[in-house]
Amino acid sequence: MGSLSTDGDGLPPLRYPPARRDDSVVDDYFGVRVPDPYRWLEDPDSEEVRQFVEKQVALTDSVLAKCGERERLRRQITTLFDHPRYDTPFKRGGKYFFFHNTGLQAQSVLYVQNDLDAEAEVLLDPNGLSEDGTVALSISSVSKDGKYLAYGLSASGSDWVTIKVMRVDDKKPEPDTISWVKFSSVSWTNDANGFFYSRYPAPKEDGELDAGTETNINLNHQLYYHFLGLKGSTEMLPFIKLVDDFEARYEAVANDDSEFTFLTNKGAPRNKLVRVDLREPNSWTDILPEDQKDVLESAYAVNDNQLLVSYLSDVKYVLQIRDLKTGTLLHHLPIDIGTVFGISGRREDSEVFIGFTSFLTPGIIYKCNLATEVPEMKIFREISVPGFDRTVFEVKQVFVSSMDGTKIPMFIVSKKNIELDGSHPALLYGYGGFNISLTPSFSVSRIILSRNLGFVFCIANIRGGGEYGEEWHKAGSLSKKQNCFDDFIACAEFLISTGYTNSKRLCIEGGSNGGLLVAACINQRPDLFGCALAHVGVMDMLRFHKFTIGHAWTTDYGSSDKGEEFHWLIKYSPLHNVKRPWEKSANQACQYPSTMLLTADHDDRVVPLHSLKLLATMQYALCTSVENSPQTNPIIARIECKAGHGAGRPTKKMIDEAADRYSFVAKVMGLTWMD
């Protein structure tokens, strides 16, 4: 049996619940026999799985009950979270729309106002749609004339969405309802007769289905056009074929009659703007060529004939105004070091709204007037967090050499003027996949960790992400996935060698693909970390493509159905690489760090079976199968009910989860509270 030990007050021995091993389940991959003794944990409807989950929840609850800072963290996070928050407003049909949360509301509320000085009215409040706040407004789209709102609701964190329509003026619902929508936006046609959306065939299940708990593979994503109230013809809409393969990304920016401007990465890993006339579909012209270093993140047609473009330069945003016809640079817009989000503006408008955040800036919404000779940037709204003093903290960006010499950017947030004596607890966060960039953002819970528990918080911009464009992404995918883990490990070693922390006080954290990152790194370097938090991770790299939308990830990972790719995956798959570190180390006390796997019963993107199978494997291999095991650090899971992959999670659930996972970290690291 394993036991818990910390530098602070000890915890009683931890007795892991037994989990049945079925050693008869063995797969043959190209002559390599791979056991899968916990295959039975893949069935979400099984009574045996339900009992396994109940026992693991009880075990984790018993651990969390002994985490002394849990309630204090919950109170502090709740207090700091209780501040008004706004998204950038957007304009349709002369009206302004925006989302607002007063502080602790489960979900943000959609408001409408006739002008910026008028009183705002509630248009749609999702908080009244469920008692516990688990019904989320996951899609919203207002028609160009401002008359209709199409909105999508999801329940319990599931990716499945139901689309409904309401009239804006009198807030009356239309009869239109569209079910079983997933991974879709809503795009109205200019005439407001209807909208485009995409969906999958409905799951084929008997009886009432609890959407989000099924694991069936999602295939045959299709584009639909919905005629509002079935008005007009239902004949096929006229289409002109312009691009009909997936060799590159194309995002429409503007059009004048048949002449279209697109943002694309075709032949441009850092993106560019191109123009094509539908009457000459084989003639494409570069309007804004690819930059030699910076990534073109977005482009919006505004103020009739201008472009508002954003670049990512060494993981910091740059804003420019350019000429729509020629791409010529007209103005630089001044912003601080941080992240731009929620840009809102159209060609018919000379005003643009721009959202901004950073590690030490909760949020600013700028209103930019483009009608003047030089654009005027003024603060429209600024989010203030009572009790937060940004002058206490500092942010640095360093560039760490990875194993192959590649320079990896990393942000380090800490209190000012800390002594680099290796004593500080540190939280290192990473993702590294699917061309997604991790840019600076404000986090209440991380501020509290730094302020009250002395943490240094770090984000590693490892390969696989989009920080330097498609080449950076490809350098951390498929056969090169190991680069992600090498980069993350190099960043951890940097934090130790430069005196920020030591291995016993270094916690690593990541979610989804980042959960895979964390799990792979503790397999490869269990000695390097004191604690690990792996959220909703992809843990079974040989079978991920068989469930819900997992097949879409083979572009980043590969597939075990192909011989060469199987050999990539088996080398780092977290489920298949759990080894007893004391058996291959001179240090007989070497063990895995204290580990918490986090998953949710309605996660239908990275289904819970990934975390459940890894949990059972780790507890068996490291703890219950070994007499007097050196593995005294806890291996537990936090399994959330009525929650999914993360989107749409109500405020209280976010606060509770943060308090649980970080009080666990504080306990196993023996940290004490600082006022």
Side-chain angles (χ1 to χ4, degrees), residues 87-99 108-114 121-124 126 136-154 160-200 221-240 242-243 250-263 278 298-302 304 308 342-349 351-353:
D87 284 354
T88 50
F90 57 95
K91 191 177 181 181
R92 298 288 186 274
K95 297 182 176 69
Y96 293 87
F97 302 81
F98 64 93
F99 284 93
S108 293
V109 178
L110 179 59
Y111 289 81
V112 62
Q113 55 189 153
N114 290 327
E121 299 179 1
V122 173
L123 180 58
L124 183 60
L137 180 59
S138 55
I139 299 174
S140 61
S141 180
V142 179
S143 59
K144 184 177 180 180
D145 58 12
K147 291 183 178 180
Y148 296 102
L149 166 69
Y151 62 96
L153 301 176
S154 61
W160 288 116
V161 172
T162 298
I163 296 177
K164 297 176 178 290
V165 180
M166 69 182 295
R167 299 197 296 264
V168 171
D169 283 345
D170 59 10
K171 305 179 182 60
K172 297 293 185 183
E174 292 287 315
D176 308 68
T177 298
I178 306 168
S179 301
W180 301 110
V181 176
K182 187 184 268 196
F183 307 131
S184 177
S185 58
V186 164
S187 181
W188 289 88
T189 43
N190 287 339
D191 56 15
N193 282 337
F195 51 82
F196 291 99
Y197 69 99
S198 51
R199 59 166 293 170
Y200 289 93
H221 206 213
Q222 295 175 315
L223 178 67
Y224 282 77
Y225 183 81
H226 176 74
F227 286 96
L228 190 61
L230 293 180
K231 67 174 66 170
S233 170
T234 56
E235 296 176 1
M236 178 67 74
L237 296 176
F239 282 91
I240 298 174
L242 187 62
V243 177
Y250 294 89
E251 182 179 320
V253 175
N255 76 286
D256 289 294
D257 194 26
S258 61
E259 189 176 73
F260 280 74
T261 302
F262 292 96
L263 186 151
L278 298 184
S298 64
Y300 296 86
V302 295
D304 187 34
L308 171 55
I343 294 175
S344 167
R346 293 198 160 189
R347 288 186 76 172
E348 55 265 34
D349 300 325
E351 64 181 10
V352 177
F353 296 95

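Computed over heavy atoms, backbone and side chain alike; hydrogens, waters and symmetry mates excluded. These numbers come from a predicted model, not from an experiment. Counting begins at 1 with the first residue of the sequence.
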- [ ] Could you tell me whether E174 atom CD has more than 12 heavy atoms of other residues or ligands within 6.0 Å of it?
- [x] yes

Open item on the list: Given 3.5 Å as the limit, does a donor-acceptor pair link the side chain of R347 with the main chain of D304, or not?
Closed with: yes

Task: T88 side-chain N/O to F353 backbone N/O, donor-acceptor pair under 3.5 Å - done: no

TODO: Could you please spell out the steps behind the side chain to side chain contact (heavy atoms under 4.5 Å, CB included) verdict for V352 and Y300?
DONE: CA-CA 10 Å; V352 177; Y300 296 86; over 6 Å; no

Task: From CG (L124) to CE (M166), nearest 0.5 Å - done: 6.0 Å

Open item on the list: Could you measure the distance from the OH atom of Y225 to the CZ atom of F195? Nearest 0.5 Å is fine.
Closed with: 9.0 Å

Task: Interatomic distance, F90 atom CZ to S140 atom OG [nearest 0.5 angstrom] - done: 5.5 Å

Task: T177 side chain reached by K164 side chain, heavy atoms, under 4.5 Å - done: yes

Open item on the list: Donor-acceptor check, side chain of D176 to backbone of G229, threshold 3.5 angstrom: yes or no?
Closed with: yes

TODO: Please name the pair of heavy atoms, one in S344 and one in P89, separated by the smallest distance, quoted to 0.1 Å.
DONE: OG-O, 2.8 Å

Task: Side chain proximity check, L123 to Y151, heavy atoms < 4.5 angstrom - done: no

TODO: Report the C-alpha distance between S298 and I343 in whole Å, list the side-chain angles of each, state the deciding distance to 0.1 Å, and finish with yes or no for side chain to side chain contact (heavy atoms under 4.5 Å, CB included).
DONE: CA-CA 9 Å; S298 64; I343 294 175; 4.2 Å; yes

TODO: Give the minimum heavy-atom separation between V253 and A299, together with the two atoms involved.
DONE: CG1-O, 3.7 Å

Open item on the list: For V112 and R92: C-alpha separation, side-chain torsions, deciding distance, then whether side chain to side chain contact (heavy atoms under 4.5 Å, CB included) applies.
Closed with: CA-CA 10 Å; V112 62; R92 298 288 186 274; over 6 Å; no

Open item on the list: Under a 3.5 Å distance rule, please check whether H221 uses its side chain to pair with a backbone N or O of S184 as donor and acceptor.
Closed with: no

Open item on the list: Can you tell me how far apart OG (S198) and OH (Y224) are? Round to the nearest 0.5 Å.
Closed with: 10.5 Å

- [ ] Grab the two heavy atoms, one from V186 and one from A150, that are nearest each other, plus how far apart they are.
- [x] CG1-CB, 3.9 Å

Open item on the list: With heavy-atom distances below 4.5 Å as the criterion, would you say the side chains of F97 and V168 are in contact?
Closed with: yes

Task: Test side chain to side chain contact (heavy atoms under 4.5 Å, CB included) applied to W180 and Y200, step by step - done: CA-CA 7 Å; W180 301 110; Y200 289 93; over 6 Å; no

Open item on the list: Show the nearest heavy-atom pair for residues S138 and V161, with the distance to one decimal.
Closed with: OG-CG2, 3.4 Å

- [ ] Measure the spacing between OG1 of T162 and CD1 of I139 and express it to the nearest 0.5 Å.
- [x] 9.5 Å

Task: Nearest heavy atoms of A192 and L228, plus distance in Å - done: O-CD2, 4.0 Å

TODO: Could you check whether the rings of H226 and Y197 sit parallel, tilted or perpendicular, using 30° and 60° as the cut-offs?
DONE: perpendicular

- [ ] Output the distance between atom CZ (R346) and atom NZ (K144), rounded to the nearest 0.5 Å.
- [x] 7.0 Å

TODO: Taking all non-hydrogen atoms of both residues into account, name the closest pair between P126 and V109 and its distance.
DONE: CD-CA, 4.3 Å

Task: Under 3.5 Å: donor-acceptor pair, side chain of S258, backbone of L278 - done: no

Open item on the list: Under the rule for side-chain contact (heavy atoms from CB on, under 4.5 Å), what residues qualify as partners of K91, not counting sequence neighbours?
Closed with: Y96, D349, E351

